[in-house]
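Per chain, numbering begins at 1; letters A, B, ... match sequence-line order.
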Amino acid sequence: MRAVVALAVMVLALLVLAPLTGAADDPEGEGLPAALRVRGRVAEEFAYRLHDPGDVSKLKTLGWLEGKYTFSETANLRVGARGYYDAVFAATDRYPDNVRRNQERELELREAILSVSHGDFDVRLGRQQIVWGEAISTFVTDVVNPKDFREFVLPDFTELRIPIWALDAQWRLARNVTLEGVWTPDTMHNRLPKKGAEFRFQGPEFRFRNPVVRLPDDEDEFSVARSEGGARLSVLREGWDVSLIYYDQADKTPVLFQRQVPNPPRPYQIVLDPQHPRLHIVGATVAKSIEPVVIRAEVAVSVGKRYETTDPLDGDGVVRRDTVDYLIGVDFPLFWDVDAALQLSQKILMGDATNLIRPGVAGQVTTSLALRLSTGFFDNTLNPSLLAVIGLERADLRVSPRLEWVLSGSVAVAVGADIFEGARRTLYGQFDRNDRVTFTTTWRF
Amino acid sequence: MSKAALALLLLATATPAFADEAADIVRDADRFRRPAESFVWKISITSQEAKKAPSVDGFEVFVKGGGRSLVKFVAPPRNVGRSLLALGRDLWIYLPDAGKPVRIPFSQRLVGQVANGDVARADYSGDYDAKLLGEETVDGVACHVIDLKARTKDVTYAAVKYWVSRDGRRPVRAEFYAATGTLLKTGTFEGFKEVVPGAVLATRLTLVDGIRKDRSSVLDYGSIVVRDIPEKYFDKNSMKSLD
């Protein structure tokens, strides 16, 4: 219903704005984009879990369909949807019903954007992904959209991001200087896997003697009062591509606040209340090409970030630790035809990290090193790639080799693997028993 | 004054003149690769490797003054949605799977023997210092031979040996070199036509690998529309919405 109302508002806005934006800049129509463009893809994704039990863990058929209608060079409407069905839930009985209900099938509006330009001013209104940041395969400053972690971080990032209803306005202040403002009442949270799912995260190891009640995380996900927003200033000077960001949002991952509730004549209960504390994120990105090398860096300071603690003396079981996330990366060619990217990232907590137990937090400082290699043979029809990420403090790691074979301009198949190693309570080690091989076919039209 | 000193003096005074003439020749030759300040050009690239079936990639290139260009991938379907943005000597690629523009080098391979810079940048006079080496005949055409050295490291090739016809100053042939002096590829400019009124352009560039001669790519420049292009086409923050 919410989507229908929002779409209706957009169409109304379109009817009002489109004539205003008109064809003032339009020439005779030559060289302009076609009025209606439709494209899509269908994919079959198969995964086989290698460890006890060795079994099929994904048998997913996905379809994407998107259309773009161009009214003029200054106004267009883009709509995209994605649907999938995962037959693994019918083929095996390894997953509980709550996981089946959550992950078996989905039909989602992924995109519904009205784009309008007027001179140096661009507005994008609707359901969309707003992506900030320079680096690949990480979310340091990619903070606007919530993420879907039901398959950990293994899908493409456009699939991981959950689109939100938002207003995104850009103003080109001067050549190569752009100010962007974002506002959204769509305060959706990250989607996390349910208990029993293939990639269920390890939670904090609470040891309560009293009965525990966990409240549902059921905050209304569409609220003007709790709306989020921020701004980004991007500048390109002398080849240095720099941006400064500020974003005010609710923490996309719930933090479990504790409280004791009397329950006479029985012992008091521990109530775990998932909340989404407000975060003020201040950050910057920079990128520079020094042929044939590209360097990039990102930093984000999350002010107001809170973590669960297992310290029994802490009243609400939550401590505030403002957090700095940063990365430094370099892309460079190896042997002319191999593209390599090396990236060092750190999470630094402003304060003591004792008793803070999260798989992604090794201590006050959490460091990871990522290496990506890719190349192409036979005119890029056979494309091997490798992504390796290692957590340096706890030596947990992920290795994902992949080989793509492009059969034609429309069809590609890929075989790959996702290997995890490490102790149980580490980011990658928690999935040590979830190593898998994958096979994917994709048809684009 | 000795003869040697006189020769040195003549050489010293003549070199800038040769450099100026070389720069003029390169600037004139660039005009056969760029018809106006602002235009849209369709390019298809046919890549061939040994006896394999050739592959064809399609691009739509939006060019505006100030060394700005946006290259949209229009074929085959697996590449549709990608785009390259060049702002002077800075280059980004937009990949739908990543959902954002990513900074990349000009020298990175686009398809076949074609580097990003071969499509996104056509400004030899702005990117290289030119020096006249002499004259040669290429396929019966009398040519100036010009040595181009990259002014900065931010361009596609460290050096180019460039043959430009004496008559009309059309680009004829080019050899592209890495900083190590390795020959990366050779290019041949052909198919000169008046594709827009008053502008004769090279409509075909054939690039052949410097070592594996059985690897080649042919860039065919198709229909062209000279028109003003809005500024948003040259803003990396707009790449996604232009997809």
Side-chain angles (χ1 to χ4, degrees), chain A residues 25 27-28 30-31 39 41 68 73-74 76 78 113 115 117 119-120 122 124 129 131-134 136 142 156-159 161 170 172 175-176 178 180 232 234 236 239 241 287-294 296 331 333 336-337 339 376 378-381 406 408-412 442 444-445, chain B residues 39-40 47-49 52 54-57 60 62 66 75-81 87-92 96-100 102-109 111-112 150 152-156 158 178 184 215 223-232 234-238 240-243:
Chain A
D25 296 335
E28 297 72 27
E30 291 181 314
R39 66 182 185 221
R41 64 194 151 113
K68 180 180 177 185
E73 197 155 46
T74 55
N76 65 67
R78 178 197 296 262
I113 311 170
S115 300
S117 303
D120 288 327
D122 300 336
R124 290 194 284 269
Q129 295 187 22
V131 189
W132 291 352
E134 296 290 339
I136 309 164
D142 184 355
D156 287 337
F157 273 32
T158 44
E159 303 304 311
R161 286 187 209 99
Q170 292 186 22
R172 281 178 289 281
R175 185 185 280 194
N176 299 332
T178 303
E180 178 181 7
R232 176 173 68 153
S234 304
L236 176 67
D241 188 5
K288 166 79 174 161
S289 172
I290 306 166
E291 289 284 336
V293 172
V294 172
R296 47 182 116 246
D331 299 357
W336 184 245
D337 268 345
D339 294 322
F378 310 116
D379 195 22
N380 289 348
T381 53
V406 179
S408 73
S410 305
V411 180
T442 308
R444 295 170 192 268
F445 57 94
Chain B
F39 60 95
V40 184
S47 299
Q48 177 88 53
E49 184 170 332
K52 281 188 64 184
S55 63
V56 180
D57 293 83
E60 195 171 19
F62 299 77
R78 73 185 153 96
N79 290 340
V80 173
L87 300 177
R89 297 192 176 108
D90 302 301
L91 185 69
W92 294 262
D97 291 347
K100 63 181 173 184
V102 175
R103 192 75 180 252
I104 56 168
F106 273 101
S107 53
Q108 197 173 72
R109 192 168 61 166
V111 291
T152 71
K153 288 184 174 180
D154 304 332
V155 295
T156 315
L184 300 173
R215 291 179 176 179
S223 67
I224 191 165
V225 178
V226 176
R227 68 175 177 92
D228 189 34
I229 302 168
E231 286 293 317
K232 70 173 178 181
F234 308 101
D235 180 352
K236 80 177 174 84
N237 300 305
S238 299
K240 181 177 166 57
S241 59
L242 292 169
D243 160 23

Taking the side chain as every heavy atom from C-beta outward, state whether A:D122 and B:S238 have any pair of such atoms under 4.5 Å apart. yes
Side chain, backbone, both or neither: which part of B:I104 has an atom under 4.5 Å from a heavy atom of chain A? backbone
Would you check if the side chain of A:R172 reaches a backbone N or O of B:D235 as a donor-acceptor pair within less than 3.5 Å? no
When rounded to the nearest 0.5 angstrom, what is the spacing between CZ in A:R161 and NZ in B:K100? 6.5 Å
Is any side-chain heavy atom of B:N237 closer than 4.5 Å to a side-chain heavy atom of A:S234? yes
Do B:V80 and A:R444 make a side-chain contact, defined as non-hydrogen atoms from C-beta onward lying under 4.5 Å apart? no
Give a yes or no on whether the backbone of A:S410 and the side-chain of B:R78 come within a donor-acceptor separation of less than 3.5 Å. no
Contacting moiety of B:K240, where chain A heavy atoms sit under 4.5 Å: both
Looking at A:L236, A:V411, A:T442, A:D331, which one has more heavy-atom pairs under 4.5 Å with chain B than the rest? A:L236
Give a yes or no on whether a salt bridge exists between A:E134 and B:K236, defined as a side-chain N under 4.0 angstrom from a carboxylate O. yes
Out of curiosity, B:K232 NZ to A:S117 OG, how far, rounded to the nearest 0.5 Å? 3.0 Å
Residue selection (most heavy-atom pairs with chain B, distance under 4.5 Å) from A:R175, A:R124, A:K288, A:R232: A:R175
Answer whether the closest heavy-atom distance between the side chains of A:R39 and B:P77 falls below 4.5 Å. no
Output yes when a side-chain donor or acceptor of A:Q129 lies under 3.5 Å from a complementary backbone atom of B:G99, and no otherwise. no
Distance check, rounded to the nearest 0.5 Å: B:S241 atom OG versus A:N76 atom CG? 7.0 Å
Any donor-acceptor N/O pair, A:T158 side chain to B:D97 backbone, under 3.5 Å: yes
Any side-chain heavy-atom pair from B:W92 and A:D241 closer than 4.5 angstrom? yes
What residue, out of A:F378, A:F445, A:W132, has the most heavy-atom pairs lying under 4.5 Å from chain B? A:F378
At a heavy-atom separation under 4.5 Å, does B:L242 approach chain A through its side chain, its backbone, both, or neither? backbone
Chain B interface, residue from A:S115, A:G239, A:A287 that has the most non-hydrogen pairs under 4.5 Å: A:G239
